[in-house]
Amino acid sequence: MIATAYQDKADALENLIRTFDTEGEVLYSGRNEVRLMQLDGEPVVVKRFARLSGFKSIIYTFFRKNKAQRAFEYGEELLRRGFLTPQPIAFFALKSGGLISDTFYICKPTDWSSLEGLLTSSEEFDHQLAAAYARYVAKMHDAGILHKDMNPGNTRYQCADNGTEKAEGEYQFQVIDINRMKITAPGGLTKAECMENLTRFWWLSPLYRYILDEYAAARGWTAADKAKAIRVKDRHDAAWVRRKNILSLLKYGELEYK
């Protein structure tokens, strides 16, 4: 599927997929691979998701939307609702033997700064940025948008532009890596869902508590709501440590966290 504004570039977009392994600049290489490529002289980001095979090929061919399709559709819906994400351009699903094997998502690049490394300290952090981020997440949740990979690396920011100059202390945000989301009608998310989503950001720390306070104020949560959110966060962190330690024991024979 190709976005309306790029329908006339169908051939050039398909060529990006054909030349993905040999062209462009590798931005990330792991289970997925991300490259910066050129679309008729315009820089675009092309993400190839991990190859599908066996049971997963069947699931994503007949029963579930693949990750590239979800990223494209969620991106367009975010923009329709007034939330920023790099402009979706297209997604492609290639088949082998009648089953989907490779999927690609293409969007515009972003030069906004990542929150990763900024809002991670337990003791010192930018309070203005943290408060703005908390209000942003509250606004998303109010709008019925739940980013299931909500973490500092998947949130980008810049100082807000008021039309003449950057205003200190004012921020705009955009989200990336958007193939895992839940989008409902405004007001359709439960408090439990929102509390669980907030656990994804950082450890139970002064930073987390500060963000929770700002978030709760924006959404009108009570002290009891905040106390419950802390309990949810505490359970989440404990479960995460147990999981990491089990994997570490199986792989290295020693605990990763003590």
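One is the number of the first residue; the rest follow in order along the sequence. Values below: every heavy atom of this structure, side chains too, minus hydrogens, waters and symmetry copies.
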A.B. asks: Which heavy atom in Asn32 sits nearest to a heavy atom in Ala50, and how many Å separate them?
C.D. replies: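 So the two residues come closest at OD1-N, 2.9 Å.
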A.B. asks: Answer yes or no: is there a side-chain heavy-atom contact under 4.5 Å between Leu129 and Phe173?
C.D. replies: yes
A.B. asks: Arg48 vs Asp21, test: side-chain contact (heavy atoms from CB on, under 4.5 Å). Steps then yes/no.
C.D. replies: CA-CA 10 Å; Arg48 178 173 64 191; Asp21 286 322; 2.8 Å; yes
A.B. asks: Identify whether the distance between the nearest side-chain nitrogen and carboxylate oxygen of Lys233 and Asp237 falls below 4.0 Å.
C.D. replies: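 A salt bridge links Lys233 with Asp237.
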A.B. asks: Check the pair Tyr210 / Phe125 against ring pair (Phe, Tyr, Trp, His ring centres under 6.0 Å), numbers first and verdict last.
C.D. replies: CA-CA 10 Å; Tyr210 182 81; Phe125 55 89; 5.5 Å; yes
A.B. asks: Okay, side chain of Thr199, backbone of Glu196: is any donor-acceptor separation there less than 3.5 Å?
C.D. replies: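 Such a contact is found between Thr199 side chain and Glu196 backbone.
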A.B. asks: Could you report the tightest heavy-atom contact between Leu119 and Asp126, atom names first, then the distance?
C.D. replies: CD2-O, 4.0 Å
A.B. asks: Rounded to the nearest 0.5 Å, how far does CD1 of Ile183 lie from CD1 of Ile178?
C.D. replies: 8.0 Å
A.B. asks: Contact between Leu36 and Val45 at the side-chain level, heavy atoms closer than 4.5 Å - yes or no?
C.D. replies: yes
A.B. asks: If you compare all heavy atoms of Glu14 against all heavy atoms of Phe92, which two are closest, and at what distance to 0.1 Å?
C.D. replies: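 Of all heavy-atom pairs spanning Glu14 and Phe92, the closest is CG-CE2, 3.7 Å.
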A.B. asks: As an exercise, state the distance from CZ of Arg180 to CG of Asp149, rounded to the nearest 0.5 Å.
C.D. replies: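 Output value for this atom pair is 4.5 Å.
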A.B. asks: Should Phe91 and Leu52 be counted in the same cluster of Ile, Leu, Val, Met, Phe, Trp and Tyr side chains packed under 4.5 Å apart?
C.D. replies: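 In one cluster: no.
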A.B. asks: Would you check if the side chain of Arg156 reaches a backbone N or O of Thr110 as a donor-acceptor pair within less than 3.5 Å?
C.D. replies: no
A.B. asks: To the nearest 0.5 Å, what is the distance between NZ on Lys191 and NZ on Lys228?
C.D. replies: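 That separation rounds to 8.5 Å.
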A.B. asks: Under a 3.5 Å distance rule, please check whether Thr19 uses its side chain to pair with a backbone N or O of Thr22 as donor and acceptor.
C.D. replies: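 Checked: no pair found.
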A.B. asks: Could you please spell out the steps behind the ring pair (Phe, Tyr, Trp, His ring centres under 6.0 Å) verdict for Tyr157 and Tyr136?
C.D. replies: CA-CA 11 Å; Tyr157 82 98; Tyr136 169 72; over 10 Å; no
A.B. asks: Any side-chain heavy atom of Leu189 sitting closer than 4.5 Å to one from Lys182?
C.D. replies: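 Counting from C-beta outward, Leu189 and Lys182 do come under 4.5 Å.
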A.B. asks: Within a strict 4.5 Å, meaning less than it, do heavy atoms of the Thr61 and Ile58 side chains meet?
C.D. replies: no
A.B. asks: So does Arg31 have more than 12 non-hydrogen atoms from other groups sitting under 6.0 Å from CZ?
C.D. replies: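 No - once you tally the heavy atoms of other residues, nucleotides and ligands closer than 6.0 Å, there are 12 at most.
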A.B. asks: Spell out, yes or no, whether Leu94 and Val46 are grouped together once hydrophobic residues are joined by side-chain heavy atoms under 4.5 Å, including indirect joins.
C.D. replies: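 Cluster IDs for Leu94 and Val46 match.
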A.B. asks: Tell me whether Leu115 is reachable from Leu212 by hopping between hydrophobic residues (I, L, V, M, F, W, Y) whose side-chain heavy atoms are closer than 4.5 Å.
C.D. replies: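 They do share one cluster, since a chain of ILVMFWY contacts under 4.5 Å joins Leu212 to Leu115.
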A.B. asks: Could you give the distance from CD1 (Ile89) to CG (Leu13), rounded to the nearest 0.5 Å?
C.D. replies: 7.0 Å
A.B. asks: For Glu116, does the CD atom have more than 12 heavy-atom neighbours from other residues, nucleotides or ligands under 6.0 Å away?
C.D. replies: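 Incorrect, the count does not exceed 12.
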A.B. asks: Could you state the interatomic distance from SG (Cys194) to CG (Asp225), rounded to the nearest 0.5 Å?
C.D. replies: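 Rounded to the nearest 0.5 Å, the SG-CG separation comes out at 10.5 Å.
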A.B. asks: Provide the closest heavy-atom pair for Phe72 versus Ala3 in the form atom of the first, atom of the second, distance.
C.D. replies: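 Nearest heavy atoms, Phe72 then Ala3: CZ-N, 3.8 Å.
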A.B. asks: Hydrophobic cluster membership, with links at side-chain heavy-atom distances under 4.5 Å among I/L/V/M/F/W/Y: are Leu99 and Phe55 in one?
C.D. replies: yes
A.B. asks: Membership question, hydrophobic clusters at under 4.5 Å side-chain separation (ILVMFWY): are Trp221 and Val137 in the same one?
C.D. replies: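 Hydrophobic grouping puts Val137 with Trp221.
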A.B. asks: Would you confirm whether Ser57, through its side chain, and Ser101, through its main-chain N or O, come within 3.5 Å as a donor-acceptor pair?
C.D. replies: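 Here the side-chain-to-backbone pair does not exist.
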A.B. asks: Out of Arg70, Lys148, Lys47, which residue meets the salt bridge (Lys or Arg N to Asp or Glu O under 4.0 Å) rule with Asp177?
C.D. replies: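 Only one of Arg70, Lys148, Lys47 forms a salt bridge (Lys or Arg N to Asp or Glu O under 4.0 Å) with Asp177, namely Lys47.
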A.B. asks: Between Leu198 and Val232, is there a side-chain heavy-atom distance shorter than 4.5 Å?
C.D. replies: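 Contact flag for Val232/Leu198 side chains = no.
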A.B. asks: Using a 6.0 Å cut-off, check whether atom CZ of Arg219 has over 12 heavy atoms from anything other than its own residue.
C.D. replies: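 More than 12 within 6.0 Å, yes.
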A.B. asks: Where is the tightest heavy-atom contact between Arg200 and Met150, given as atom of each residue plus distance?
C.D. replies: CB-O, 3.2 Å
A.B. asks: A side-chain contact here means heavy atoms from C-beta on lying under 4.5 Å apart; do Ile176 and Pro86 qualify?
C.D. replies: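 Ile176 vs Pro86: side chains touch.
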A.B. asks: Is there side-chain contact between Phe20 and Met37, with at least one heavy-atom pair below 4.5 Å?
C.D. replies: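 When only atoms from C-beta onward are counted, Met37 and Phe20 do touch, with a gap below 4.5 Å.
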A.B. asks: Please find the pair of heavy atoms, one from Leu16 and one from Leu39, that lie closest to each other, and give the distance.
C.D. replies: CD1-CD1, 4.1 Å
A.B. asks: Among Tyr133, Tyr215, Tyr208, whose ring pair (Phe, Tyr, Trp, His ring centres under 6.0 Å) with Phe201 holds?
C.D. replies: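 Filter result, single survivor: Tyr133.
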A.B. asks: I'd like to know if the side chain of Thr85 reaches the main chain of Val175, judged simply by a donor and an acceptor atom lying under 3.5 Å from each other, with no hydrogens or angles considered.
C.D. replies: yes
A.B. asks: Can any side-chain N or O of His236 pair as donor or acceptor with the backbone N or O of Trp203 at less than 3.5 Å?
C.D. replies: no
A.B. asks: Among Lys67, Glu73, Lys65, whose side-chain hydrogen bond (donor to acceptor under 3.5 Å, both in side chains) with Gln69 holds?
C.D. replies: Glu73
A.B. asks: State the NZ-CE distance between Lys226 and Met195, to the nearest 0.5 angstrom.
C.D. replies: 11.5 Å
A.B. asks: Quick one: do His147 and Tyr74 satisfy side-chain contact (heavy atoms from CB on, under 4.5 Å)? Show the steps, please.
C.D. replies: CA-CA 10 Å; His147 192 322; Tyr74 289 150; over 6 Å; no
A.B. asks: If you measure only the distance, is there a donor-acceptor pair under 3.5 Å linking the side chains of Tyr6 and Gln87?
C.D. replies: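 Result is no, nothing qualifies.
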A.B. asks: Determine yes or no for a side-chain-to-main-chain donor-acceptor pair under 3.5 angstrom, with Glu214 supplying the side chain and Arg135 the backbone.
C.D. replies: no
A.B. asks: Would you kindly say whether Asn197 and His141 are connected by a side-chain donor-acceptor distance under 3.5 Å?
C.D. replies: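 Yes, His141 and Asn197 have a side-chain donor paired with an acceptor closer than 3.5 Å.
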A.B. asks: Between Arg209 and Ile230, is a side-chain contact (heavy atoms from CB on, under 4.5 Å) present by the stated rule, with each step listed?
C.D. replies: CA-CA 8 Å; Arg209 293 176 186 275; Ile230 291 292; 3.7 Å; yes
A.B. asks: Take Asn179 and Phe49 through the test side-chain contact (heavy atoms from CB on, under 4.5 Å) and record every step on the way to the result.
C.D. replies: CA-CA 10 Å; Asn179 64 87; Phe49 291 91; 3.7 Å; yes
A.B. asks: Can you find a heavy atom in the side chain of Lys108 that is under 4.5 Å from one in the side chain of Glu42?
C.D. replies: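 With C-beta onward as the side chain, the pair touches.
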